[in-house]
2 protein chains.
Amino acid sequence: MEEGTSKSPGYREGTGSSVDDEDLDPFQWDTREDCEVRQILDRVAGKWSLLVIALLDRRRLRFTELRREIDGISQRMLTVTLRQLERDGLVRRTVHPVVPPRVDYELTSLGRTLHTTIRALVTWTEEHQTEVAAARAAYDAAER
Amino acid sequence: MEEGTSKSPGYREGTGSSVDDEDLDPFQWDTREDCEVRQILDRVAGKWSLLVIALLDRRRLRFTELRREIDGISQRMLTVTLRQLERDGLVRRTVHPVVPPRVDYELTSLGRTLHTTIRALVTWTEEHQTEVAAARAAYDAAER
DNA sequence: CTGGATCCGACATGATACTG
DNA sequence: CAGTATCATGTCGGATCCAG
């Protein structure tokens, strides 16, 4: 491998109890961003991961189908992205032993729950894109 | 500037009607990931943004305080991160005209709503870290 | 068709020195 | 104290060639 294969040298756990409380110290979860949060965040933040997840959330797709639907992705990145998602248990890869190789990809139940969570972030973006754009315009204008 | 100052050459809008529907095509929002979604995602996915946001969600902090609390961040990245967050309207920067320069940083209301949204992703991570870790272990074990 | 292996450029981050 | 400027480096993503 070469890139996002970070071997995660080790991570503490045990504090993994449900954290629904609002008034918790940021250190409770953010300090250890090298452990789990960042791992997932890096996966989600990838240039194509989100798109692949969204596509697979609709229906299972073949390698070529994904390649065609995304259009703009290199087979290299599609492969890398799928491998990462598969390794994290978010995507299931099924190889059909037929003459022309056929491989299907689909979201696992875990992947589907992540997609649901991610949608919240996307929704936030859609709801506040105007405000962010305005803030940027104001900032850029003032910085002259 | 040098890095994440991506000038966003332009982005379509007008389709910006409220998108609260659940059964929408992934293309409805993911294809244009160069426009808004990715912009925000890149900000959130940054190595330090999340940590800074979490810290500021508790209380306003000075530059040095952030630097000391985070411990591991370079003054350079702290500056860059804060500038990005400020440009996006997530953080407010206040300069006090005193003898030894004093600058305060605090989340804007927009930044606070983003923090809330982000927490969902963090929560997901905490709730499923075990499954992800297991999936990785299984994947790595099988790949030999 | 479904990838694996390489080379390479772009950008993000870190380290260090300097300044108002 | 709160940065800015510069240089070094690691990683990500793209292009290309090769293979089962």
Side-chain angles (χ1 to χ4, degrees), chain A residues 1-8 33-34 38-39 41-52 60-87 91-106 143, chain B residues 1-9 33-34 38-39 41-52 56 60-87 91-106 143:
Chain A
M1 319 312 190
E2 48 188 49
E3 43 229 15
T5 321
S6 54
K7 282 304 179 184
S8 66
E33 38 85 47
D34 328 299
R38 175 122 318 268
Q39 307 270 329
L41 203 53
D42 286 344
R43 192 94 319 146
V44 171
K47 192 174 181 181
W48 307 105
S49 303
L50 206 62
L51 189 46
V52 170
R60 54 159 42 196
L61 292 168
R62 298 182 52 180
F63 186 85
T64 304
E65 290 178 321
L66 279 169
R67 186 153 152 58
R68 199 152 17 85
E69 296 240 52
I70 296 183
D71 180 71
I73 192 174
S74 59
Q75 71 286 56
R76 173 190 150 68
M77 287 318 294
L78 180 54
T79 299
V80 171
T81 300
L82 287 169
R83 286 292 175 282
Q84 291 176 336
L85 294 173
E86 187 194 358
R87 190 170 105 99
V91 162
R92 176 165 33 251
R93 177 169 177 264
T94 309
V95 181
H96 301 275
V98 293
V99 199
R102 178 200 174 91
V103 182
D104 286 334
Y105 291 93
E106 62 186 319
E143 283 310 286
Chain B
M1 314 308 184
E2 46 187 51
E3 44 230 13
T5 321
S6 55
K7 281 303 177 185
S8 66
E33 36 86 46
D34 328 299
R38 174 122 321 267
Q39 306 271 329
L41 202 54
D42 286 344
R43 192 93 322 143
V44 171
K47 193 173 181 182
W48 307 105
S49 303
L50 206 62
L51 189 47
V52 170
L56 293 182
R60 55 161 40 196
L61 292 167
R62 300 180 52 177
F63 186 86
T64 305
E65 289 177 321
L66 279 169
R67 187 154 152 59
R68 199 153 15 86
E69 297 241 51
I70 297 182
D71 181 69
I73 193 174
S74 59
Q75 71 285 55
R76 175 188 151 68
M77 287 318 295
L78 179 54
T79 299
V80 172
T81 300
L82 288 170
R83 287 292 176 283
Q84 292 176 336
L85 295 174
E86 185 195 359
R87 189 171 106 98
V91 163
R92 176 164 34 248
R93 178 169 176 265
T94 310
V95 182
H96 301 275
V98 295
V99 199
R102 179 198 174 92
V103 181
D104 286 335
Y105 291 93
E106 61 186 320
E143 283 310 285

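Numbered from 1 within each chain, the chains take letters A, B, ... in sequence-line order. Quick note: numbers below take in every heavy atom, side chains included, and nothing from hydrogens, waters or symmetry partners. A quick note: this is a predicted structure, and the numbers were derived from the prediction, not measured.
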Handout entry: Donor-acceptor contact present, side-chain B/Arg38 to main-chain A/Ala45, <3.5 Å
Key = yes
Exercise for the section: State which residues pass side chain to side chain donor-acceptor pair (under 3.5 Å) with B/Glu106; sequence neighbours excluded, sorted by chain then number. Expected result: B/Arg60, B/Arg92
Exercise for the section: Name all residues meeting the side chain to side chain donor-acceptor pair (under 3.5 Å) criterion together with A/Arg67; count only those two or more places apart in sequence or in a different chain, and write none if there are none. Expected result: none
Quick one: [X] [atom1] to [N] [atom2], roughly how many Å, whole number?
| X | N | atom1 | atom2 | answer |
| --- | --- | --- | --- | --- |
| B/Asp104 | D/dC1 | CG | P | 14 Å |
| B/Leu78 | D/dG3 | CG | P | 8 Å |
| B/Phe63 | D/dT4 | CZ | C1' | 11 Å |
| A/Ile73 | D/dG13 | CD1 | C1' | 10 Å |
| A/Asp71 | D/dG14 | CG | C1' | 15 Å |
| B/Leu50 | C/dT13 | CG | P | 13 Å |
| A/Arg43 | D/dG13 | CZ | P | 10 Å |
| B/Arg102 | D/dA2 | CZ | P | 8 Å |

Proximity to the side chain of [X] - top-ranked nucleotide from [options]:
| X | options | value |
| --- | --- | --- |
| A/Thr79 | C/dC1, C/dG3, C/dT13 | C/dG3 |
| B/Lys47 | C/dT13, D/dG13, C/dG3 | C/dT13 |
| B/Met77 | D/dC1, C/dG14, C/dG4 | C/dG14 |
| B/Arg62 | D/dG14, D/dG3, D/dC1 | D/dC1 |
| A/Pro100 | C/dC1, D/dA2, D/dG3 | C/dC1 |

Exercise for the section: Tell me what A/Arg67 touches on the nucleic acid: a base, only sugar-phosphate, or nothing, going by heavy atoms under 4.0 Å. Expected result: nothing
Handout entry: Qualifying side-chain hydrogen bond (donor to acceptor under 3.5 Å, both in side chains) pairs, either residue in residues 93-103 of chain B, two or more places apart
Key =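 Residue pairs passing side-chain hydrogen bond (donor to acceptor under 3.5 Å, both in side chains), neighbours aside: B/Arg93-B/Tyr105, B/His96-B/Asp104.
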Exercise for the section: List the atom of A/Leu78, the atom of A/Phe63, and the distance in Å for their closest heavy-atom pair. Expected result: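 In this case the closest contact between A/Leu78 and A/Phe63 is CD2-O, 3.6 Å.
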Handout entry: Which atom of B/Val98 lies closest to which atom of B/Pro100, heavy atoms considered
Key = CG2-O, 3.0 Å
Handout entry: Verdict with supporting geometry, B/Val52 and B/Leu61, side chain to side chain contact (heavy atoms under 4.5 Å, CB included)
Key = CA-CA 10 Å; B/Val52 170; B/Leu61 292 167; over 6 Å; no
Completion exercise
Heavy-atom contacts, protein to nucleotides 15-20 of chain C, under 4.0 Å, summarised as B (base), S (sugar-phosphate only) or - (none) per nt, yield BBB--B
Exercise for the section: May I ask you to evaluate whether B/Arg93 reaches the phosphate of D/dG3, defined as a side-chain N or O under 4.0 Å from OP1 or OP2? Expected result: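 So the side chain of B/Arg93 is within the cut-off, an N or O lying under 4.0 Å from OP1 or OP2 of D/dG3.
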Practice task
Give a yes/no answer on whether the side chain of A/Tyr105 brings an N or O atom under 4.0 Å of OP1 or OP2 in C/dG3.
Solution key: yes
Handout entry: First encountered from the 5' end of DNA chain D, between B/Leu82 and A/Gly46
Key = B/Leu82
